[in-house]
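Data block below; observations after.
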Amino acid sequence: MKLADNYMTEREAFTMMGIEVPTFDQVDLVKTAKVTPTWVHFGGGNLFRGFHSEVAQELVAAGELPAGVIVAETYDDAVIQDVYRRFDNRHLNVTMKADGSLKRELIASVSGSYTFNRDHKADWQTMMNIFAKSSLQLATFSITEKGYNLRQPDGYFTNQVLADLATDPHTTVPGNNMVATAALLLHRFETSATPIAMVSTDNFSQNGDRLRETMQTIAKMWKTNGFVGADFMTWLNQDVTFPLSMIDRITPNPAASVAEALQAIGFADTELIRTPKGTNVAPFANTEEVHYLVIEDNFPNGRPDFTKAGVFLTDRATVNDADAMKVTTSLNPLHTALAIFGSLLNYDSIAEEMKNVDLLKLIQNIGYVEGLPVVTDPGIISPKQFIDEVINKRLPNPYIPDTPQRIATDTSQKLSIRFGETIKAYVADEHRDVNDLVFIPLTLAAWVRYLMAVDDNGQQMALSPDPLLATLLPKVAPLHLGYAGNLHDVVVDILQDEQIFGVDLYEVGLGVRVENDLAQLLSGEGAVACTLHNALAAYGRYDVAEGVVSYG
Ligand SMILES: NC(=O)c1ccc[n+]([C@@H]2O[C@H](COP(=O)([O-])OP(=O)(O)OC[C@H]3O[C@@H](n4cnc5c(N)ncnc54)[C@H](O)[C@@H]3O)[C@@H](O)[C@H]2O)c1
Ligand SMILES: O=P(O)(O)OC[C@@H](O)[C@@H](O)[C@H](O)[C@H](O)CO
């Protein structure tokens, strides 16, 4: 069987293979979406395919979303061509359960897919038409942290953004994806002027606020340059909402092991694709069973009843707390620590890393000891239960084919949220001492050590993509194993960069500690494993069997 087979008429054949098929006809969604679109999603990568599209499928089945969801790609044209249109906008979502069994579901909730950038004029116009429709209630985003950037590392607008902001959006098509998004909102204002919710579901704190600020920055510049009036600003401020969200579902890149399992049952569409822009996709997505989506309930033009698909809708403060819990202490910092140390120690599986007692203790100390105490309980999810589930069930699940290399992607964009927020909380609390942080600074030092692109055996190591590599690699170029020169002079520029860490590490009193850790980490072959082991012996406060104990 394959994705393009008619699941309405061949339902039994799919079911016999253990593939669940939709109860609705995708053709109906497509027809409805042409007239009354409801939901657009930007960034049709793996998270969307493993999570949002499944939420949409449940909502369609519940009669809550007759128009399905429309996918728009601003960045990677090949995604639309290779895994959406080529497969009639369908994919297989494979949920990998802790007992090794697979749930396979044919997803047909996508009612259209478009490449929204200036190279695709017809798709551009279609998206403009969709945004003009008063039926459109929301747009969601999963475009990675860097997808929201207007500025280059030095804080100035990128040349593309400068060019976009200097030209009238009514006459010139913008090149930057955020400016293009603002152009959609401008078109909406100038046509239906109906309210809309723009929902970022990317992994960073106050994600909605960042999207709002980005849209407002663009609008202000347009106004300054005389391209829009004050009325557009007023509409943007009053009628467009940017709800906060917390999203959680470990969704690794499509894995060969899952492709093989699908081939074994006779499913044909299993090709693993790496697009020229580096997105790893396939006709299927593979994801975990556990998932949380918490969204601020602020939809000014109405919304489907997301709760029918297990989504939490709540107030802003609760979402913020849930997000801070996940992104700054209880999941993503642990992931990033495993990504950095795992890459240096030559692991290619997160589950395998969890069998290394030192790596396990590392994340226990970062999570339970250093992060959890400064987290506010969101009330809807217990932080302690959440982190227990992450460390004891989710990360060790051998059936989740996740890799430290995937998670190490774009680390420079993530450190300020993953660790910087905890550092700031310690600094802000007069009852806490930032010098009690041991394993967070060690992980930051390990990231600088990682940038040397040499593993713990002294062998060259491929680095995961990161937009700052071009500026960072020349800075660490003098470093080598056994380096005995002036380390401070080499790393000071990096460690004081607030854009990267969220704080100037020297200003908060952690710079020298990170330098000292780095000196140990690069002292020779095996020094990464050894430094971690010694730090745990000296300062580890979490005992695997007994829970938190005092400093050694
Ligand atoms: N995969 C997960 O486990 C997971 C879980 C929770 C949250 N997230 C969030 O979702 C994001 C996407 O994850 P994914 O697994 O879908 O990744 P992916 O690599 O499968 O897809 C990335 C998507 O972002 C788009 N993109 C990349 N760079 C862009 C840019 N500069 N501008 C605009 N769009 C850009 C790509 O075209 C693609 O659609 C993550 O960065 C994270 O913030 C991921
Ligand atoms: O997606 P990123 O790049 O922000 O971070 C990598 C992983 O930590 C992340 O994708 C997790 O798998 C996810 O946050 C789990 O919900």
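For ligands, and for the atoms within them, numbers begin at 1 and follow the listed sequence. In what follows, residues are counted from 1 in the order of the sequence shown. All values below come from the heavy atoms of this structure, side chains included, with hydrogens, waters and symmetry mates left out.
Considering backbone and side-chain atoms together, Glu73 places an N or O closer than 3.5 Å to an N or O of ligand 1. In terms of polar-atom proximity, defined here as any N/O pair under 3.5 Å, Asn253 makes no such contact with ligand 1. Where the criterion is an N or O separation shorter than 3.5 Å, residue side chain and backbone included, Thr279 fails it with respect to ligand 1.
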Checking ring-ring contact (aromatic ring centres under 6.0 Å, His included) for the pair Phe284/Phe267: CA distance, chi angles, key distance, verdict? CA-CA 11 Å; Phe284 64 90; Phe267 186 71; 8.2 Å; no
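Scanning the protein for heavy atoms near atom 1 (O) of ligand 2, the closest one is Asn203 ND2, 3.5 Å. Closest to atom 6 (C) of ligand 2 among all protein heavy atoms lies Lys414 NZ, 3.7 Å.
Residue contacts with ligand 1, taken as heavy atom pairs separated by less than 4.0 Å, involve Asn177 solely via side-chain atoms from C-beta onward. For Arg418, every heavy-atom contact with ligand 2 shorter than 4.0 Å involves the side chain, none the backbone. Proximity of Lys414 to ligand 1, defined as any heavy-atom pair under 4.0 Å, is not found for any part of the residue. Residue Asp248 touches ligand 2 through backbone and side chain together, judged by heavy-atom distances below 4.0 Å. With a heavy-atom cut-off of 4.0 Å, Thr74 touches ligand 1 through its side chain alone.
Side-chain contact between His52 and Val69: absent, with no pair of heavy atoms (C-beta onward) separated by less than 4.5 Å.
Heavy-atom proximity to atom 10 (O) of ligand 2, evaluated over Lys326, Arg406, His335, is greatest for Arg406.
Using 4.0 Å as the threshold, Ile250 has a heavy atom nearer than that to some atom of ligand 2. Ligand 2 has no atom lying under 4.0 Å from any heavy atom of His291.
The backbone N or O of Pro252 lies less than 3.5 Å from a partner atom in the side chain of Asn286, making a donor-acceptor pair. Put simply, the side chain of His41 gets close to the backbone of Gly43: a donor and an acceptor are under 3.5 Å apart.
Taking the ring axis of Tyr292 as reference, the NZ or CZ atom of Lys326 does not stay both within 45° of it and closer than 6.0 Å to the ring centre.
With salt bridges taken as basic N to acidic carboxylate O contacts below 4.0 Å, none links Asp269 and Arg90.
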